[in-house]
Chemist: 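Have a look at this one before I ask anything.
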Amino acid sequence: MPLRPPQGYSAVQIWLHWIIAGLIFFQLLVNDGVSDAWGDRADGERIQEGLGWANLHIGVGVTVLALAAVRVFVRLTRGAPPAHRDKPAPLIWLGQASHVALYFLILAMPISGAVAWFGRVDDAADAHEVLKNLLIALVALHVIGALGEHFVFRNDTLLRMLARVPAGSRSH
Ligand code: HEM
Ligand code: HEM
């Protein structure tokens, strides 16, 4: 971790956040094909349906894993701007804890999926499904949090994840 936290997110952090978010939404919405293909693969049968979609799901998922690894590295080396202190301490804590959980999930989702698919491990497929439910709940909470920061606390939390904070400008 750097000695002093940065004032805003870097362009790399912002791009990675939105690209990963987009790919995650895609994975959450488009997964019927991989589920069909997995049904056959788990039974040790030849895949009848969904192989093309399954390959897309796997390709996108592995891309998320690679981007998430870069993202965690940048987060650990560069840091992130501190949370605004304009709200009750439990809310600040909830925001920070959910960020850690989201980082965990963008790594754990593709890893569990890959272990299931390549290793034909049923338990990993079950874990993939449980983690999916956790991910959906956390993303919902995260979006509510981001909108709450913007519209209720009226700070620049959302804006600083949309564009770089110019050097020298201050956020409260
Ligand atoms: C960002 C990463 C990923 C997300 C968000 C994601 C999301 C999902 C979702 C929502 C499902 C449907 C589960 C259900 O019907 O309840 C699914 C199924 C599946 N995914 Fe992923 N996935 C990701 C990465 C991967 C990767 C990298 C692989 C394999 C290399 C993979 C393999 C599978 C398999 C085998 C299934 C079928 C499991 C089953 O039906 O029990 N996923 N995934
Ligand atoms: C799957 C989707 C998403 C994932 C996995 C995700 C993950 C994350 C993570 C891990 C952070 C913490 C960054 C850090 O401080 O190091 C973060 C920050 C942030 N996210 Fe998301 N996010 C997602 C979607 C969204 C969406 C849809 C919005 C907008 C409504 C959003 C708005 C924000 C904002 C404003 C921050 C900055 C918070 C702050 O500076 O305190 N995110 N996101």
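Because the structure is predicted, anything quoted here is derived from the model rather than measured. Note that ligands are numbered from 1 as they come in the structure, with each ligand's atoms numbered from 1 the same way. In this chain, numbering begins with 1 at the start of the sequence shown.
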Chemist: Within a distance under 4.0 Å of any heavy atom of Gly61, pick out the atoms of ligand 1 and give their elements.
Modeler: 24 (C), 27 (C)

Chemist: Would you mind finding which of Glu129, Arg41, His128 brings a heavy atom closest to atom 18 (C) of ligand 1?
Modeler: His128

Chemist: Looking only at protein heavy atoms, identify the closest one to atom 34 (C) of ligand 1 and say how far it is in Å.
Modeler: Val34 CG2, 3.6 Å

Chemist: Considering heavy atoms of the protein only, find what lies nearest to atom 16 (O) of ligand 1 and give residue, atom and distance to 0.1 Å.
Modeler: Lys132 NZ, 2.7 Å

Chemist: Students often mix this up, so state it plainly: with edges at 30° and 60°, are the rings of His142 and His99 parallel, tilted or perpendicular?
Modeler: perpendicular

Chemist: Treating Trp18 as the side-chain partner and Met161 as the backbone partner, does any N or O pair qualify as donor plus acceptor under 3.5 Å?
Modeler: yes

Chemist: Considering non-hydrogen atoms of the protein only, which is the closest contact for atom 27 (C) of ligand 2, and what is the distance?
Modeler: Val143 CG2, 3.7 Å

Chemist: Judged on heavy-atom distance to atom 12 (C) of ligand 1, which of Asn31, Leu28, Ile24, Ile136 sits nearest?
Modeler: Asn31

Chemist: Given Phe104, Phe26, Tyr103, which one has a non-hydrogen atom that is nearest to atom 13 (C) of ligand 2?
Modeler: Tyr103

Chemist: Which one of Leu16, Leu105, Thr157, Leu159 has a non-hydrogen atom at the shortest distance from atom 38 (C) of ligand 2?
Modeler: Thr157

Chemist: Can you list the ligand 1 atoms lying under 4.0 Å from a non-hydrogen atom of Val62?
Modeler: 27 (C)

Chemist: Can a donor-acceptor pair be found, under 3.5 Å and without considering hydrogens, that links the side chain of Gln27 to the backbone of His57?
Modeler: yes

Chemist: Taking the minimum heavy-atom distance to atom 4 (C) of ligand 2, which of Leu102, Leu76, Val74 ranks first?
Modeler: Leu102

Chemist: Verify, without hydrogens or angle tests, whether Glu129 (side chain) and Asp126 (backbone) share a donor-acceptor contact under 3.5 angstrom.
Modeler: no

Chemist: If we ignore hydrogens and angles and just use 3.5 Å, is the side chain of Arg41 paired with the main-chain N or O of Trp117 as donor and acceptor?
Modeler: yes

Chemist: For atom 33 (C) of ligand 2, what's the nearest protein heavy atom and its distance?
Modeler: His142 NE2, 3.5 Å

Chemist: What protein heavy atom is closest to atom 3 (C) of ligand 2, reported as residue, atom name and distance in Å?
Modeler: Ala21 CB, 3.9 Å

Chemist: Determine, stepwise, if the pair Phe153 / Leu91 fulfils side chain to side chain contact (heavy atoms under 4.5 Å, CB included).
Modeler: CA-CA 12 Å; Phe153 296 103; Leu91 280 187; 4.0 Å; yes

Chemist: Are Gln7 and Arg160 close enough that some pair of their side-chain heavy atoms sits under 4.5 Å apart?
Modeler: no

Chemist: Which is closest to atom 2 (C) of ligand 1 by heavy-atom distance: Ala68, Ser35, Ala114, Pro110?
Modeler: Pro110

Chemist: Could you tell me if any non-hydrogen atom of Leu158 lies under 4.0 Å from any atom of ligand 2?
Modeler: yes

Chemist: Who's the nearest protein heavy-atom neighbour of atom 26 (C) of ligand 2, and how far?
Modeler: Trp18 CZ3, 3.7 Å

Chemist: Distance check, rounded to the nearest 0.5 Å: Arg78 atom CZ versus Tyr9 atom OH?
Modeler: 9.5 Å

Chemist: Within a distance under 4.0 Å of any heavy atom of Val64, pick out the atoms of ligand 1 and give their elements.
Modeler: 1 (C)

Chemist: At under 4.0 Å between heavy atoms, is it the side chain or the backbone of Arg71 that contacts ligand 2, or both, or neither?
Modeler: side chain

Chemist: I need the atoms of ligand 1 closer than 4.0 Å to a non-hydrogen atom of Phe118, numbered in the order shown.
Modeler: 30 (C)

Chemist: Within the side chain of His128, is there an N or O that forms a donor-acceptor pair under 3.5 Å with the backbone of Gly113?
Modeler: yes

Chemist: Is the closest side-chain heavy-atom distance between Glu149 and Leu158 below 4.5 Å?
Modeler: no

Chemist: Suppose we only allow N, O or S atoms; which atom of His17 ends up nearest to atom 21 (Fe) of ligand 2?
Modeler: NE2

Chemist: If the contact criterion is a heavy-atom separation under 4.0 Å, does Gln13 count as touching ligand 2?
Modeler: no

Chemist: Please check this pair: side chain of Asn55 against backbone of Gly52, looking for a donor-acceptor N/O pair closer than 3.5 Å.
Modeler: no

Chemist: Taking non-hydrogen atoms only, is Ala80 closer than 4.0 angstrom to ligand 2 via side chain, backbone, both or neither?
Modeler: side chain

Chemist: Gln13 side chain to Gly79 main-chain N or O, any donor-acceptor pair under 3.5 Å?
Modeler: yes

Chemist: For atom 37 (C) of ligand 2, grab the closest protein heavy atom and report residue, atom and distance to one decimal in Å.
Modeler: Tyr9 OH, 3.6 Å

Chemist: Of Phe25, Trp38, Trp117, which has the heavy atom at the shortest distance from atom 41 (O) of ligand 1?
Modeler: Trp38

Chemist: With a cut-off of 2.8 Å, does any N, O or S atom of His99 fall short of it relative to atom 21 (Fe) of ligand 2?
Modeler: no

Chemist: What atoms of ligand 2 come within less than 4.0 Å of a heavy atom belonging to Ile106?
Modeler: 5 (C)

